[in-house]
2 protein chains.
Amino acid sequence: MKLTTKGRFAVTAMIDVALNNHEGPVTLAEVSERQKISLSYLEQLFGKLRRHGLVESVRGPGGGYNLAKLPATISVSDVILAVDEPIDTTSCGGEKNCFEEQQCLTHHLWASLNAHIFTYLQGVSLESLVDDARERKSPSIHVVRDLRKEPFSERPLTLNTHVPSVVNVTV
Amino acid sequence: MKLTTKGRFAVTAMIDVALNNHEGPVTLAEVSERQKISLSYLEQLFGKLRRHGLVESVRGPGGGYNLAKLPATISVSDVILAVDEPIDTTSCGGEKNCFEEQQCLTHHLWASLNAHIFTYLQGVSLESLVDDARERKSPSIHVVRDLRKEPFSERPLTLNTHVPSVVNVTV
DNA sequence: GCTATAGCCGAGTAATTTAGTCAAGCAAAC
DNA sequence: GTTTGCTTGACTAAATTACTCGGCTATAGC
């Protein structure tokens, strides 16, 4: 599992779709504009998200993408795994370079770290991120109305963060 | 904090030094051969490790590197932080790109992940890795003799692991 | 003092990966 | 049958990583 800006873009875009698909599918053009992510790049990412069953597409005018599952059932790790290359879980044992038993020593450290990271990301659902987003945007409104039922007409949320302290993980 | 092969090499090399510095300093040439890491690259890494006070150098013939502190007091995160660029902890707040409050949303997720990773790596001491290494190499011998007091004449340990499932983290 | 050893340092380069573009389609709605 | 918007694959640019290279400095031992 890799966590580069690719994964971050994917998570951000998924949150955007979750926040905006109350009335029909969300087009990538919208997501692109709101989140300032290149449209072509989004197309690439959503192709993978679709093939991994996280979103579903509707073609033609009025089309776009919907979440294929409930936000509560989508974890951050799902999203990241989807957009990155298939995880060949080639562990120490199966590797040619791991020719000395002792090589597995530091490997164990990283493997253990990986497990930690994976577990953590698996525990964070898209729903929780979406809830966070709604809360921050309009905390007062959040209590009164159910945003899931009405359009989000304010200035679009910009969720993506291009901070230099990038998370960049391979599991 | 970044975790690429650079960090892995550094950790591996530090274990190697810890395992072999019972009789005077360890030369990078030895480490290079044992761990199959380019000598020039090691020089680069150890320059940083030295400047961060993790190892100390002895120049001239018979010279090399010693650990500057007890293995128990050196954490994996120390090593990784040492070899990677100075962590500008520019968080969401200080960033130009973080112009909308909402950008901090996904940022929070990554920041939290980073904290997890850091805490984990901070909790792993070089000593524990060295103990692991000794145990795996010769479990029976381990009980009987104190390896810290005698040369390690067997075939050198090769600790490094070039497995594709790379850990690659920026905190 | 000479010489060999081994650390020290900075600039430069090769390889890989990431992020993104481009172009040519295809499906469905109107 | 035209427009919208997803679909696909190949291609490119930028950034990063993982090195190499060359020349230097300190020190031990003859």
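Below, read A as the first sequence line, B as the second, and so on, with proteins coming before strands; counting in each chain starts at 1. Just the heavy atoms: all of them, side chains too, but no hydrogens, waters or symmetry mates, feed the values below. A quick note: this is a predicted structure, and the numbers were derived from the prediction, not measured.
Within 4.0 Å (heavy atoms only), A/F46 reaches no atom of the nucleic acid at all.
Taking CD of A/E30 as the start and CG of A/L42 as the end, the distance is 11.5 Å to the nearest 0.5 Å. A distance of 7.5 Å separates NE2 of A/H52 from CG of A/L81, quoted to the nearest 0.5 Å.
In this structure, the side-chain contact (heavy atoms from CB on, under 4.5 Å) partners of B/S38, at least two apart in sequence or on a different chain, are B/S40, B/Y41. Applying the side chain to side chain donor-acceptor pair (under 3.5 Å) criterion to B/S32, with sequence neighbours excluded, gives no partner residue.
Contact detail for A/G7 and A/V83: the closest heavy-atom pair is CA-CG2, 4.0 Å.
D/dT7 atom P lies 13 Å from atom CG of A/L42, rounded to whole Å. When the P atom of D/dC6 is taken as reference, atom CG of A/N66 falls 11 Å away, rounded to whole Å. One atom, NZ of A/K36, and another, C1' of C/dG20, lie 17 Å apart when rounded to the nearest Å. A straight line from CG of B/L39 to P of D/dC21 spans 12 Å, rounded to a whole angstrom. For the pair A/N21 CG and D/dG5 P, the computed distance is 16 Å after rounding to whole Å. In this entry the distance linking OH of B/Y65 with P of D/dA26 reads 15 Å, nearest Å. Taking atom CG of B/L45 as the reference point, atom P of C/dC8 lies 13 Å away to the nearest angstrom. Atom OH in A/Y41 sits roughly 9 Å away from atom P in C/dT18 (whole-Å rounding).
Surrounding CD of B/E43 are more than 12 heavy atoms belonging to other residues, nucleotides or ligands, all under 6.0 Å away.
With contacts defined as side-chain heavy-atom distances shorter than 4.5 Å, the pair A/R34/A/V26 qualifies.
OP1 or OP2 of D/dT7 has at least one side-chain nitrogen or oxygen of A/S57 nearer than 4.0 Å.
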Can you give me the N/O atom pairs linking the protein to nucleotides 27-29 of chain C at distances under 3.5 Å, or say none if there are none?
| residue | atom | partner | partner atom | Å |
| --- | --- | --- | --- | --- |
| C/dA27 | O4' | A/R59 | NE | 3.4 |

Might you list the N or O atoms of the protein lying below 3.5 Å from N or O atoms in nucleotides 9-12 of chain C, with each pair's distance?
| residue | atom | partner | partner atom | Å |
| --- | --- | --- | --- | --- |
| C/dC9 | OP2 | B/R50 | NH2 | 2.7 |
| C/dC9 | N4 | B/E43 | OE1 | 3.3 |

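Listed candidates were D/dC6, C/dA6, C/dG20. Nearest to the side chain of B/T27 is C/dA6.
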Give the table of side-chain donor-acceptor pairs shorter than 3.5 Å for residues 115-125 of chain A, with sequence neighbours excluded, one pair per line with atom names and distance.
| residue | atom | partner | partner atom | Å |
| --- | --- | --- | --- | --- |
| A/H116 | ND1 | A/S112 | O | 3.2 |
| A/T119 | OG1 | A/A115 | O | 2.8 |
| A/Y120 | OH | B/S112 | OG | 2.3 |
| A/S125 | OG | A/E127 | N | 3.4 |
| A/S125 | OG | A/S128 | N | 3.1 |

Atom pairs and distances, donor-acceptor, side-chain atoms in residues 54-74 of chain A, under 3.5 Å, two or more places apart:
| residue | atom | partner | partner atom | Å |
| --- | --- | --- | --- | --- |
| A/T73 | OG1 | A/L70 | O | 2.7 |

